[in-house]
Amino acid sequence: YNLPAKHVIHTVGPIIYRVVEDDDKELLASSYRNCLKLALDNNLKSIAFCCLSTGEFRFPNNLAAEIAVAEVKKFLSENPNADLKVVFNVFKDLDRKLYEDIFSRK
């Protein structure tokens, strides 16, 4: 679909039916971890994430953003030699504000 990328790593997070359970949080975190590991294993120089599991999957945007940022920061700190640029690609102003707020306080 004309993506300006050489590779696409497809992942999905959990669908929330009622409330977010601990298993849902772990599934979302593992989606990020697995993508980052694949990027590293394949010597990719960058990776972009949309807001996984939000929208139709009903994961609360604020909690999803917290998990995303935490997992990326943890992965990069555990892999200091990784030459990997991580981009959070957001479509809504709400999500942009959430990510900006998270980065400004950490």
Give, for atom CZ of F88 and atom SG of C51, the distance between the pair rounded to the nearest 0.5 Å.
-> 9.0 Å
Could you give the distance from CG (L98) to CG (N61), rounded to the nearest 0.5 Å?
-> 6.5 Å
Output the distance between atom CG (N62) and atom CD1 (I67), rounded to the nearest 0.5 Å.
-> 9.5 Å
Identify the residue among N79, I47, L40 that makes a side-chain contact (heavy atoms from CB on, under 4.5 Å) with L84.
-> I47
Counting only heavy atoms not in N89, do more than 12 sit closer than 6.0 Å to its CG atom?
-> yes
Indicate if I102 and L94 have the same hydrophobic cluster label, given that clusters are the connected sets of ILVMFWY residues with side-chain heavy-atom separations under 4.5 angstrom.
-> no
Side chains of Y17 and F57 in contact at under 4.5 Å (non-hydrogen atoms) = no
The reported gap from CZ in F75 to CG in N34 (rounded to nearest 0.5 angstrom) is 10.0 Å
Heavy atoms of other groups near E56 CD, more than 12 under 6.0 Å = no
Inter-residue atom distance T11.OG1 - L27.CG, 0.5 Å rounding | 10.0 Å
So, are D101 and K97 salt-bridged, with charged N and O less than 4.0 Å apart?
-> yes
Compare all side-chain heavy atoms of K73 with those of F103 and state whether any distance is below 4.5 angstrom.
-> yes
Would K25 and E21 pass as an ion pair if we require N to O under 4.0 Å?
-> no
Does a side-chain heavy-atom distance below 4.5 Å link Y99 with V69?
-> yes
Is a donor on one side and an acceptor on the other found under 3.5 Å between the side chain of S31 and the backbone of V12?
-> yes
Pair E26 + R33: basic N to acidic O under 4.0 Å | yes
Side-chain heavy atoms under 4.5 angstrom apart, residues restricted to Ile, Leu, Val, Met, Phe, Trp, Tyr: same cluster for F91 and L52?
-> no
Hey, mind stepping through L44 and H7 against side-chain contact (heavy atoms from CB on, under 4.5 Å) and telling me if it holds?
-> CA-CA 9 Å; L44 303 184; H7 305 280; 3.3 Å; yes
Do S46 side-chain atoms and K85 backbone N/O form a donor-acceptor pair below 3.5 Å?
-> no
Check whether more than 12 heavy atoms from other residues, nucleotides or ligands sit under 6.0 Å from atom CZ of R58, and answer yes or no.
-> yes
d(N43 CG, D83 CG) to nearest 0.5 Å is 10.0 Å
Return yes if some donor-acceptor pair links the side-chain N/O of D24 with the main-chain N/O of V20 below 3.5 Å, else return no.
-> no
Using a 4.5 Å cut-off on heavy atoms from C-beta on, say whether the side chain of F59 contacts that of I15.
-> no
